[in-house]
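This report refers to the structure that appears directly beneath it.
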Amino acid sequence: MKTVILLIIFLTTNTIFSQEFQGIATYRSSQSVTVKMDSTQVNASRAKEMSAMMASQFDNEFKLEFNNKESLYRMEEKLKLEGQQGRQGTMIISGMDMGQSPIYKNTSTETYVKDEDLMGKRFLVKDNLIKPDWKIESEQKKIGNYTVIKATWTRDVEISNWDKDMVVTKTTVPKTTIAWFTPEIPVNHGPREFWGLPGLIMEIQEGKSVILCTGIVLNPKEKFTIEVPSKGKTIDQAAYDKIKGEKDKEMREQFGKERKEGFQMRIGN
């Protein structure tokens, strides 16, 4: 019954939105970061400073431009404070996906194009969208003036962990994504790679990582064209992941040669 009601709301509201419908949503991302170090070599204030430095790299603002079928999600430019990206912080975080690459999605063809910059080399990643197996829950809340409904997506993912000697071990763990969407805006878009719900996704929660919609403009006076990324070497996701994995391995090996004893860092959960 709940699914039927949502479908009726989605279809009814969708008739209001013509093919010319456009919108711009602003999002803010954040993530808690924990840095652990050997207390005999690094004091608590230094560890706290590094935690703040790492967390700042996850604190970003994004814009999602969308219409009925297409969307483009990209990070807004921000000033980089002096010393914000220390060498150690950059070495570790550059091997992680922080969702900062522009991504174009077409939900009609279920395809995406992603503009990736890997150590100064541009790649144009083109592939098919993965449709999350969302489970719509009964919980609701307000985000701004919009009523949003909770949905969850649970699946198994492979994660990489490395110790102080930069030795990597891979494990498979369950991962749950919580999405909050509003049927009041009947498009199945969302931030980053997320999509496929009967309404705009306004919040994503994954562990200690949060992406929250902070503002929406529907049918702005100045019309815009959703640009598809076009620069870089065209490649599919599997090929890009292979290249990225090789580069990450090179970085870990180099970092392992130069690191100080007792350094260990955990990001996220």
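Hydrogens, waters and symmetry mates are skipped; everything else that's a heavy atom, side chains included, is used.
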Original post:
Of Val148, Asn188, Ile185, which meets side chain to side chain contact (heavy atoms under 4.5 Å, CB included) against Leu200?
Top reply: Ile185
Validation: residues 221-228 side-chain donor-acceptor distances under 3.5 Å, sequence neighbours left out:
none

Original post:
Aromatic rings Tyr73 and Tyr27: how do their planes relate, parallel, tilted or perpendicular, breaks at 30° and 60°?
Top reply: perpendicular
Original post:
Sub-3.5 Å donor-acceptor pair from the side chain of Arg122 to the main-chain atoms of Gly120, do we have one?
Top reply: no
Subject >> Cation-pi, Trp195 ring and Lys131 (6.0 angstrom, 45 degrees) >> reply: yes
Show me the donor-acceptor pairs within less than 3.5 Å that the side chains of residues 235-243 make with the rest of the protein, sequence neighbours left out.
| from | atom 1 | to | atom 2 | distance (Å) |
| --- | --- | --- | --- | --- |
| Asp236 | OD1 | Ala238 | N | 3.4 |
| Asp236 | OD1 | Ala239 | N | 2.9 |
| Gln237 | OE1 | Tyr112 | OH | 2.7 |
| Gln237 | NE2 | Asp241 | OD1 | 2.9 |
| Tyr240 | OH | Glu116 | OE1 | 3.4 |

Original post:
Should Glu193 and Lys114 be marked as a salt bridge (charged side-chain N to carboxylate O under 4.0 Å, His left out) after you check the CA-CA gap, both sets of side-chain angles, and the distance that decides it?
Top reply: CA-CA 10 Å; Glu193 70 274 19; Lys114 199 171 185 180; 5.7 Å; no
Original post:
Sequence neighbours excluded, which residues qualify as side chain to side chain donor-acceptor pair (under 3.5 Å) partners of Lys63?
Top reply: Thr26
Original post:
How far apart are the closest heavy atoms of Ile149 and Glu137, and which atoms are they?
Top reply: CG2-O, 3.6 Å
Subject >> Pairwise side-chain contact, Leu118 with Lys244, heavy-atom cut-off 4.5 Å (strictly under) >> reply: yes
Original post:
In the hydrophobic cluster built from side-chain contacts under 4.5 Å, what are the other members alongside Val173?
Top reply: Val157, Ile159
Original post:
For Thr176, what residues pass the side chain to side chain donor-acceptor pair (under 3.5 Å) criterion, not counting sequence neighbours?
Top reply: Thr154
Original post:
Who are the side chain to side chain donor-acceptor pair (under 3.5 Å) partners of Thr234, not counting sequence neighbours?
Top reply: none
**OP:** State whether the number of non-hydrogen atoms from other residues, nucleotides or ligands found under 6.0 Å of Asp133 atom CG is greater than 12.
**Re:** no
Original post:
Quick one: salt bridge (charged side-chain N to carboxylate O under 4.0 Å, His left out) pairs with a partner in residues 173-183, sequence neighbours left out?
Top reply: Lys175-Glu206
Original post:
What do the steps show when you test Trp180 against Ile204 for side-chain contact (heavy atoms from CB on, under 4.5 Å), and what is the final call?
Top reply: CA-CA 7 Å; Trp180 295 90; Ile204 289 288; over 6 Å; no
**OP:** Provide the closest heavy-atom pair for Phe66 versus Leu64 in the form atom of the first, atom of the second, distance.
**Re:** CD2-O, 3.5 Å
Subject >> His189 vs Thr107 side-chain heavy atoms within contact, under 4.5 Å >> reply: yes
Subject >> By side chain to side chain contact (heavy atoms under 4.5 Å, CB included) - contacts of Pro229 (at least two apart) >> reply: Leu72, Tyr104, Val113, Asp115, Leu124
Subject >> For Gly190 against Lys105, the heavy-atom pair lying closest together >> reply: O-NZ, 3.0 Å
Original post:
For Ile130, what are the other residues in its hydrophobic cluster, where any two members join if their side-chain heavy atoms are less than 4.5 angstrom apart?
Top reply: none
Original post:
Sequence neighbours excluded, which residues qualify as side chain to side chain contact (heavy atoms under 4.5 Å, CB included) partners of Ser230?
Top reply: none
Got a list of side-chain donor-acceptor pairs under 3.5 Å for residues 139-146, not counting sequence neighbours?
| from | atom 1 | to | atom 2 | distance (Å) |
| --- | --- | --- | --- | --- |
| Lys141 | NZ | Glu203 | OE1 | 2.9 |
| Lys142 | NZ | Asn145 | O | 3.4 |
| Lys142 | NZ | Thr147 | OG1 | 3.3 |

